[in-house]
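Naming convention: chains lettered A, B, ... in sequence-line order (proteins, then strands); numbering from 1 in each chain.
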Protein chains: 2
Amino acid sequence: MADDKPDPAKPEMSRGDTVSAGAANGRRVKLTITDIAKMAGVSKKTVSRVINHSGLVRDETRERIMKIVEEHGYQPDPQARALALRRSTLIALISNQPNPQYIVDIQGGILTGMAGTPYQLVIRPCDRSSPTLHDDICDIVQHQKLFGVILTPSISEDDELIGRLRQIGCPYVRIAAVSLDTPENMIETHDYVGAAEAARHIASLGHTRIAHIHGPDTFLSAAERLRGFRVGLAEYGMKIEPQYLMKGGYTFESGMECGKQLLALDVPPTAVFAGNDEMAVGVYQAVRQAGLRVPDDLSIVGFDDSPIATRIWPKLTTVRLPIVQMGRIAAELLISNHDRMAMQPPAATSVMPSLVVRESAAAPRA
Amino acid sequence: MADDKPDPAKPEMSRGDTVSAGAANGRRVKLTITDIAKMAGVSKKTVSRVINHSGLVRDETRERIMKIVEEHGYQPDPQARALALRRSTLIALISNQPNPQYIVDIQGGILTGMAGTPYQLVIRPCDRSSPTLHDDICDIVQHQKLFGVILTPSISEDDELIGRLRQIGCPYVRIAAVSLDTPENMIETHDYVGAAEAARHIASLGHTRIAHIHGPDTFLSAAERLRGFRVGLAEYGMKIEPQYLMKGGYTFESGMECGKQLLALDVPPTAVFAGNDEMAVGVYQAVRQAGLRVPDDLSIVGFDDSPIATRIWPKLTTVRLPIVQMGRIAAELLISNHDRMAMQPPAATSVMPSLVVRESAAAPRA
DNA sequence: CTGAAAGCGCTTACAG
DNA sequence: CTGAAAGCGCTTACAG
């Protein structure tokens, strides 16, 4: 056994000289649990107990080992651990989000949440229309022994997939507009609240002919945004007239098309709340093509606060979700749920949208 | 040894019934190399040779084993393999790209290139101003035993980092505007060519007072785009007058600022080539604020073909890089270089930008 | 509270 | 061309 004979490839060190060995030595051969055990004069198992926080170790022993571990910057080998535990330190982001800024922000947030842990982020974009989607996801979860997965809308709303993940024992966190699961598996974004804010803003400006462009039914956020918008309007004793409720697809083109139809009405609306910024920008285009102006002829409010919101003119009033924060919380929740020693659970698992008032919504023309 | 006694957790199967066992059985206990070896009546080592394409196996034996492997959908355990080989199947994307669409596209391309392989994509955004950047990257490469890394501009231009990666034996592929390395480690994007196209387009429209907004010096692409632009202009016997050469930072704000200064000149330019779309859109804003119009008063050409290029009005004429393709080729190059059996090397490792003519550049006013 | 043995699923020399 | 043994670096029962 390797434990019995000295390995010439590794640094020779007796128990006495632990102090001199450290990061200062620069690139050195990686230490293993066996090295640490030798230095501490204990068995590998005891070191394993300490690095896994398993409790049943005498305080004095634990501290001595921890000190050696820290001095040498020892980190357990991720693959060896994964092999023995049948579980890797890989977390996958499973997403079908079309918005690039959303993707970058959520990835950045997850990475922030993982900082200082051995977990790594693997990405898995997906297509809900693929017939093998569920199988593909389960395969990679099992084959790579994923620690867990984080799901964004709309794939996060797929209860059948979640059922499969449960079946194979894969931990997960779902990001969605409303609670779809037990709290420890959810990040709620309350799109409803942001949409209600948008409604209050538009109503308080004095608009009465108010339109909404709805997102696709396959996104729960689309329904939530409409619901919140209606509630906000109701507070002002208003509602969306049927002819002002349009069905879009969260795309620029669909927004432009709905905008055109709205402007072609005998009595067009004076304000429109688009389900997302992409559609809102499409409405800008329709307004321009009709020879009209924003916000003079039509006030527009979006949802997302995409980069384009501040590039377009006039700047778009929109609803912002703290996406980076959502990613961070999702990572913290997933890790703290299943590796209690690695980190504290996040303080909150629910997040609130906020209205960003810019220049695309104003009082209607007298 | 486990090899000698039957494991009750695994499906019992004699050599005879290999045919009946397959994917059709649905969720089943994962097969190991030992199971395959037993079914084939050979040693684990022989199976290992077959799945690693090591050649030294009799054809008949190899085929028999391959058949069993395929029938059962056997895939070697990635962590066990990584432990034994001291190398994982993880590939990291190391990037400091600020453009979200670039990130999403390059990730998508890399994933496409990896499809069907056991490799997984891990993401590592980075900040070149971090003093521990190189150490951080080397640490994760070594600790996770990364198979290799793919680097985008501008981190791909960091020769010191590349030196460190070489030192620790980490395979890499660099994506950059020009060749900075041996061909097998490079994806060249030839930004130069796209910029020259932009110049020809502007010159052929009849402009003579032509400006350029340069990107930051820390991006090689900035210099290459200027170089190409000058060459294209020279073909028409033109050049950029000193007062028309502005220094931007690849940001919207810097583009707007440079645009303002350009328009404030006694004799302003009639056309401007911005180093990227973000800055081009900033120029739109400056034009609008000056009460002028694009392209009537100022023609604008960008670089990147960002989503905003078709959302803004008039639509932006710009240069497009095939980013998805670049990602795919980078993955194929990296994998084929260091795992010859896994895939063919890509046909080309160099890619060409192309001009996308839209509506933001027209003939100057008479 | 602590340890020796066996095992996770693969590969690398070394023989033959 | 093929195999038995040892090893990669960790953890899990099982003892004590």
Side-chain angles (χ1 to χ4, degrees), chain A residues 1-10 29-38 40-65 69 72 74-89 118 142-145 339, chain B residues 1-10 29-38 40-65 69 74-89 118 142-145 339 341:
Chain A
M1 282 288 128
D3 297 22
D4 305 332
K5 53 184 176 192
D7 182 343
K10 285 176 192 162
V29 174
K30 205 178 61 173
L31 262 39
T32 71
I33 195 171
T34 307
D35 301 316
I36 302 293
K38 272 185 196 145
V42 297
S43 72
K44 299 194 292 182
K45 176 58 195 162
T46 302
V47 176
S48 173
R49 284 196 184 92
V50 170
I51 61 185
N52 288 298
H53 309 89
S54 78
L56 313 172
V57 182
R58 215 192 331 161
D59 281 353
E60 187 274 324
T61 310
R62 183 207 325 288
E63 276 160 30
R64 183 157 43 91
I65 294 173
V69 164
H72 294 266
Y74 166 71
Q75 294 182 300
D77 181 281
Q79 281 87 22
R81 212 176 199 191
L83 182 58
L85 283 173
R86 293 159 193 76
R87 181 172 206 184
S88 74
T89 46
Q142 297 191 300
H143 189 236
Q144 295 290 333
K145 310 185 194 72
D339 180 1
Chain B
M1 283 286 130
D3 297 24
D4 306 331
K5 54 185 176 190
D7 183 342
K10 285 176 193 161
V29 175
K30 204 178 61 173
L31 262 38
T32 71
I33 195 172
T34 307
D35 300 316
I36 302 293
K38 272 187 196 145
V42 297
S43 73
K44 299 195 292 183
K45 176 58 195 162
T46 301
V47 177
S48 175
R49 283 197 184 91
V50 170
I51 61 184
N52 288 298
H53 309 89
S54 77
L56 314 172
V57 182
R58 214 189 336 157
D59 281 354
E60 187 273 323
T61 310
R62 182 209 323 289
E63 276 160 31
R64 183 157 44 91
I65 294 173
V69 164
Y74 166 71
Q75 294 181 299
D77 181 282
Q79 281 88 22
R81 213 176 198 191
L83 183 58
L85 283 173
R86 294 160 191 77
R87 181 172 207 184
S88 74
T89 47
Q142 297 191 298
H143 189 236
Q144 295 289 334
K145 309 187 195 71
D339 181 359
M341 294 311 147

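The distance from atom NE2 of B:His143 to atom CG of A:Asp77, rounded to the nearest 0.5 Å, is 6.5 Å. One distance of note links CZ of A:Arg49 with NZ of A:Lys44; it measures 13.0 Å at 0.5 Å rounding. The distance from the CD1 atom of B:Ile51 to the CD1 atom of B:Ile36 is 8.5 Å, given to the nearest 0.5 Å.
Per the geometry, CD belonging to B:Gln144 stands 14 Å off C1' belonging to D:dG9, to the nearest Å. Between A:Lys145 atom NZ and C:dG9 atom P there is a gap of 8 Å when expressed in whole angstrom units. Between the CG atom of A:Asp59 and the C1' atom of C:dT2 there is a distance of 15 Å, rounded to whole Å. The distance from atom CG of A:Leu83 to atom C1' of D:dG9 is 9 Å, rounded to the nearest whole Å.
Not a single side chain to side chain donor-acceptor pair (under 3.5 Å) links A:Thr89 to another residue, sequence neighbours left out. For A:Ser43, the side chain to side chain donor-acceptor pair (under 3.5 Å) partners are A:Thr46, not counting sequence neighbours.
In DNA chain C, stems built from 3 or more consecutive Watson-Crick or G-U wobble pairs, each with both distances under 3.5 Å, span C:1-3 with D:14-16, C:5-12 with D:5-12, C:14-16 with D:1-3.
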Per-nucleotide protein contact string for nucleotides 10-16 of chain C (B base, S sugar-phosphate only, - none; heavy atom under 4.0 Å): BSB----
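Annotation: side chain of B:Val69 is not in contact with side chain of B:Val50 (no heavy-atom distance under 4.5 Å).
Applying the 4.0 Å criterion to OP1 and OP2 of D:dG3, one finds that B:Thr46 has a side-chain N or O inside that range. The side chain of A:Thr61 contributes an N or O atom lying less than 4.0 Å from OP1 or OP2 of C:dT2.
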I would like to know whether A:Asp35 and A:Tyr74 meet side-chain contact (heavy atoms from CB on, under 4.5 Å); could you show each step before the answer? CA-CA 10 Å; A:Asp35 301 316; A:Tyr74 166 71; over 6 Å; no
Under 3.5 Å, which donor-acceptor pairs link side chains of residues 81-88 of chain B to any protein atom two or more places apart or in another chain?
from	atom 1	to	atom 2	distance (Å)
B:Arg81	NH2	B:Asn52	OD1	2.4
B:Arg86	NH1	B:Ala84	O	2.7
B:Arg87	NH2	B:Phe147	O	3.0
B:Ser88	OG	B:Leu90	N	3.2
B:Ser88	OG	B:Gln144	O	3.1
B:Ser88	OG	B:Lys145	O	3.0

